[in-house]
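The structure under discussion appears below in the form of structure tokens.
In listed order, ligands and their atoms are each counted from 1. Because only heavy atoms are used, hydrogens play no part in the values below, and waters and symmetry mates are left out as well, while side chains stay in.
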Amino acid sequence: MQARPDRIEIVSDDLNFPSDLHSLAQSARLLDKGHRLRIVPSEDGIGVPAASFEEAVGQQTALVCLSHVVFKSGFRHDLAEVTRVAHREGALTLWDLSHSVGAMPIDLHAADVDLAVGCTYKYLNGGPGAPAFLYVRRDLQEQLANPLAGWMGRASMFDFDLSYEPADGIRRFLTGTPPVLSLAMMEPGLDLVAAAGLDRLRHKSVALSEFFIALWRSELEPLGYRLQSPGDPEQRGSHVSLGHDHGRSIDLALIDELFVIPDFRAPDNLRIGMAPLYTSFADVAELASRLSQVVVEGRYEKYRLPNGRSDAGPTVT
Ligand SMILES: Cc1ncc(COP(=O)(O)O)c(C=O)c1O
């Protein structure tokens, strides 16, 4: 907001990850000068078309912050188009790449993106607790300040002087000691992604998802599973979400009895992540067969909540 001092609004949507929205709302609150978070609602709970931002973004907008790929539905925003809309109004953009990095090529330079963040423990193979990353467009690096200033971001890191002179370039955004072991473990994971190549990974990711959606149509839709991701691969990331009235208990049965670990997201969403580096087409066929089995054999029944309470809701584990 300090980079756009005469503007008071941050624009996002209601499909963004809760942490993103919480931290944006908190930042607006801390600034305490009438700053606010404006949330563009999704009409179908799956995506928000780029055109909706034409209306929402204006001369009051300092920042547009969105998840490139939406964590629940797998909807993929048109990063270049939304960035263009934001820039036309003079706003900056911040993209959360957690669900797209490592699964597809992302050309931040071509789209002239200002800022991006993401986690490395999904398609970049970092494992739980792996470090996050920050991208700041080169010409912005000297204009922006790190609100969490720390010794590692100082110009002379090791003189431990009490004055704070930020380092040149991206290093000023460091704060303190990073988790060194986790960082070291990133290297082989990144090497694998680089060796496979992002174009090839995207190609396989789309093929896996299209295969899964074809199996959903023939075998799973008749069993009450609903597709809760975009049908068009151009609008999708690398995961496919299925809804079911018994989504919660299906999820528990799959984990406990059938060795499948989808994510469950309330109220009814089973999220199937297809990591193209190591998920095979045989895995996807087996997954569809177990999603079918859990319903046909009624395996989810014993995980249902007592007293006729709705099966849709947060997991109890
Ligand atoms: C889109 C998105 N952003 C941010 C996060 C939060 O990551 P972390 O828990 O590493 O802060 C997640 C976690 O899944 C996510 O899906």
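Distances below 4.0 Å separate heavy atoms of Lys122 from the following atoms of ligand 1: 13 (C), 14 (O), 16 (O). Counting atoms of ligand 1 from 1 in the listed order, those under 4.0 Å from a heavy atom of Asp20 are 3 (N), 4 (C). For ligand 1, the atoms lying closer than 4.0 Å to a non-hydrogen atom of Asp96 are 1 (C), 2 (C), 3 (N), 4 (C). In summary, the atoms of ligand 1 found under 4.0 Å from a heavy atom of Ser67, numbered by their order in the structure, are 1 (C). Less than 4.0 angstrom separates some heavy atom of His99 from each of these atoms of ligand 1: 1 (C), 15 (C), 16 (O).
With a 4.5 Å cut-off between side-chain heavy atoms of Ile, Leu, Val, Met, Phe, Trp and Tyr, the cluster of Phe17 takes in Phe71.
Within the 4.0 angstrom cut-off, atom 11 (O) of ligand 1 has no protein heavy-atom neighbours.
The distance from the OG1 atom of Thr61 to the CD atom of Glu89 is 7.0 Å, given to the nearest 0.5 Å.
Summary of contacts: the protein heavy atom closest to atom 9 (O) of ligand 1 is Tyr121 OH, 3.1 Å.
In plain terms, the two heavy atoms of Val85 and Phe53 that are nearest each other are CG1-O, 3.7 Å.
Looking at heavy atoms from C-beta onward, Leu124 lies in side-chain contact with Leu190 at the 4.5 angstrom threshold.
Every residue two or more places apart in sequence or in another chain was checked for a side chain to side chain contact (heavy atoms under 4.5 Å, CB included) with Asp191, and none qualifies.
With a 4.0 Å cut-off on non-hydrogen atoms, Ser98 touches ligand 1 through its side chain and not its backbone.
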